[in-house]
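First the structure, in the form of structure tokens, and then the observations on it.
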Protein chains: 4
Amino acid sequence: MTTFGGVSGAHLKQFIERVERLEEDKANLANDIREVFAEAKANGFDTKIMRQVLKIRKMDHQERSEQEEILTLYLHALGMVPQENFSEKTENEVA
Amino acid sequence: MTTFGGVSGAHLKQFIERVERLEEDKANLANDIREVFAEAKANGFDTKIMRQVLKIRKMDHQERSEQEEILTLYLHALGMVPQENFSEKTENEVA
Amino acid sequence: MTTFGGVSGAHLKQFIERVERLEEDKANLANDIREVFAEAKANGFDTKIMRQVLKIRKMDHQERSEQEEILTLYLHALGMVPQENFSEKTENEVA
Amino acid sequence: MTTFGGVSGAHLKQFIERVERLEEDKANLANDIREVFAEAKANGFDTKIMRQVLKIRKMDHQERSEQEEILTLYLHALGMVPQENFSEKTENEVA
DNA sequence: AACGTTGAAATAGTTC
DNA sequence: GAACTATTTCAACGTT
């Protein structure tokens, strides 16, 4: 295997090509998304408003995640280990 | 189906959720790419150089596309209709 | 000088107006460019082709910059400090 | 002068180069603007708010009253009491 | 003149 | 927290 300054060209090439394949997939998905917007527009929806809706829904999810994160911090601060399934497991007690 | 001001909520919801699913897939791919870089880095590769290599390879591809695009434009400008398969079909003549 | 909450209104105003002046110049240049295209069109040139030519020329320049950039990265990666004047100094050797 | 299909290469080249020069100037101005923002930032100003201010000043005639409310909010956020005439009167002091 | 397409600008996110 | 990169957004251009 060819190496330059301790660097393997073949190995590097593999990483490069893996990234390129993933980025191609990613670009295809971006296209798919664009097509959904186009279809929605053809059905009379306002894409600008749709994007706003998506943004708000995303923030809701993030907010929920953040709140869960904060809850975890609080529980840790209280010496309580957060449970995986809060509702199902009730037999665990904090010492 | 519920409508508000002539807008179908159910229909809109479907578009929104399709986009959200696609964006989730896209985000996952972005994660995969990040992981590849992390793995490469753990193997001693310089990610900055990797990104530069990727950039140049991408530009090469784009440049090729642009060259083909302008060839088409030139042919049109010269009154020649570009052929689907330039090399295979030779029976078409330009007036 | 009037300040509010440690913020100088007059100072802010100066920055705002400097930006506005520069943006005005920029808008004027955009107009000039539009006029050149209009003039070229009036002389029978296809603006689409012109834009494509400009695009390719721009990519060429960028590609050259990217090439130089990655050369620098490679040299650094190999422990070689890139020289200011690549062509003039050839007496430096890498151990 | 060389012509292809009635197209003058030299003439075209002149148009192309005029556009390139103008675009270079435009790019330089964009850089200057970026530098002004950087300088303002280094002086403790919030560039995001500055951009908002610029946007609102640009709108001027249209939807002025609506935007003034937002401007008021931003200025308040800065701890500044909004002025009646921002640009013309600089001698006014806030009690 | 509205539409889609494309290029530039701004913002958000990531890395060091 | 500063710089760089990626994504998103905005505006202009050509097209129908």
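Below, chain A is the first sequence line, B the second, and so on; all start at residue 1.
- Residues passing the ring-ring contact (aromatic ring centres under 6.0 Å, His included) test with C/F15, sequence neighbours excluded: C/H11, D/F45.
- Nearest heavy-atom pair, D/V53 versus C/I16, reported as atom, atom and distance to 0.1 Å: CG1-CD1, 4.0 Å.
- The rotation axes computed at either terminus of the helix from E/dA1-F/dT16 to E/dC16-F/dG1 lie 0° apart, taking five pairs at each end and rounding to 10 degrees.
- One interatomic measurement links the two molecules: CG of B/L73 to C1' of F/dT15, which rounds to 14 Å at whole-angstrom precision.
- Qualifying side chain to side chain contact (heavy atoms under 4.5 Å, CB included) partners for C/E63, counting only residues two or more places apart in sequence or in other chains: B/I56, B/M59, B/D60, B/E63, C/Q67.
- A/R34 meets the side chain to side chain donor-acceptor pair (under 3.5 Å) test with A/N31; sequence neighbours excluded.
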Going 5' to 3' along nucleotides 1-11 of chain F, which nucleotides have protein heavy atoms under 4.0 Å from the base (write B), which only from the sugar-phosphate (write S), and which from neither (write -)? -----SSSS--

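- Among pairs with a residue in residues 40-50 of chain C, none fulfils side-chain hydrogen bond (donor to acceptor under 3.5 Å, both in side chains), at least two apart in sequence or across chains.
- Between B/E66 and B/T47, it is B/E66 whose nearest contact on DNA chain E lies nearer the 5' terminus.
- For DNA chain E, the contact window with chain D, defined by any atom under 4.0 Å from a protein heavy atom, covers E/dA10 to E/dA12 in 5' to 3' order.
- For the salt bridge (charged side-chain N to carboxylate O under 4.0 Å, His left out) test, residues two or more places apart in sequence or in another chain that qualify with D/K13 are D/E17.
- Scanning for salt bridge (charged side-chain N to carboxylate O under 4.0 Å, His left out) contacts around D/E20 gives C/R57, with sequence neighbours left out.
- For the side chain to side chain contact (heavy atoms under 4.5 Å, CB included) test, residues two or more places apart in sequence or in another chain that qualify with C/K55 are B/E66, C/Q52.
- With sequence neighbours left out, C/E39 forms a side chain to side chain donor-acceptor pair (under 3.5 Å) with D/R18.
- Partners of D/E24 according to the salt bridge (charged side-chain N to carboxylate O under 4.0 Å, His left out) rule, which considers only residues two or more places apart in sequence or in another chain, do not exist here.
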